[in-house]
Enquirer: 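So that we are looking at the same thing, I have put the structure below in structure tokens.
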Amino acid sequence: MSAYRDVQTAVRVEKFRIWFAWACGGFIMLAIALATQDIRIISVITQVLFLAGGIAFTITAVRMTNALNRKAEAARREVLGDM
């Protein structure tokens, strides 16, 4: 049972790291977008790039979280013998 608890703890920590990095990246992109809002063409380019990057980063974070959920589920099944 302690192996399952270790996996659950590791999964929880990794999920926190993934979403914390996602949020920090979002705030950094927002700061850059706000800093360049007075320069017309640069502002448009950064907004388009950050929109595309934000969507890509969100999809990546969700996929990583889903992979961690599958790993935790496999560990739970192994411990409970639900193969």
Enquirer: Looking at residues at least two apart in the chain, or sitting in another chain, which of them share a side chain to side chain donor-acceptor pair (under 3.5 Å) with T60?
Expert: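 Testing T60 for side chain to side chain donor-acceptor pair (under 3.5 Å), a comparison that skips the adjacent residues, returns none.
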Enquirer: I'd like to check the salt bridge (charged side-chain N to carboxylate O under 4.0 Å, His left out) partners of E73; sequence neighbours left out, ordered by chain and number.
Expert: R76, R77
Enquirer: Tell me the side-chain hydrogen bond (donor to acceptor under 3.5 Å, both in side chains) pairs involving residues 27-40, sequence neighbours left out?
Expert: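 Residue pairs passing side-chain hydrogen bond (donor to acceptor under 3.5 Å, both in side chains), neighbours aside: T36-T46.
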Enquirer: Say you draw a straight line from OG of S43 to CG of L34; how long is it, rounded to the nearest 0.5 Å?
Expert: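 Taking OG in S43 and CG in L34, the distance rounds to 9.5 Å.
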Enquirer: Enumerate the residue pairs fulfilling salt bridge (Lys or Arg N to Asp or Glu O under 4.0 Å) with a member in residues 15-35, sequence neighbours excluded, ordered by first and then second residue.
Expert: E14-R17
Enquirer: My understanding is that only residues two or more places apart in sequence, or in another chain, count here; which of them pass ring-ring contact (aromatic ring centres under 6.0 Å, His included) with F27?
Expert: none
Enquirer: Could you work out the complete set of other residues in the hydrophobic cluster of I59, with links drawn between I, L, V, M, F, W and Y side chains under 4.5 Å apart?
Expert: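 Via sub-4.5 Å side-chain contacts, I59 links to L51, I55.
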Enquirer: Taking everything shown except F57 itself, do over 12 heavy atoms lie less than 6.0 Å from its CZ?
Expert: no
Enquirer: What heavy-atom pair brings I18 and L68 nearest, and what distance separates the two atoms?
Expert: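 Closest pair (atom of I18, atom of L68, distance): CD1-CD1, 3.7 Å.
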Enquirer: Is there any side-chain hydrogen bond (donor to acceptor under 3.5 Å, both in side chains) pair reaching into residues 18-35, and which pairs are they, with sequence neighbours excluded?
Expert: W19-T65, W22-T58
Enquirer: Would one find more than 12 heavy atoms of other residues, nucleotides or ligands at under 6.0 Å from atom CE of M64?
Expert: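 No.
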Enquirer: What's in the same ILVMFWY side-chain cluster as F16, cut-off under 4.5 Å, chained through other members?
Expert: F20
Enquirer: Under the rule for side chain to side chain contact (heavy atoms under 4.5 Å, CB included), what residues qualify as partners of I39, not counting sequence neighbours?
Expert: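 With sequence neighbours excluded, I39 shows a side chain to side chain contact (heavy atoms under 4.5 Å, CB included) to I42, given in chain and number order.
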Enquirer: If the condition is salt bridge (charged side-chain N to carboxylate O under 4.0 Å, His left out), which residues does R70 pass it with, not counting sequence neighbours?
Expert: none
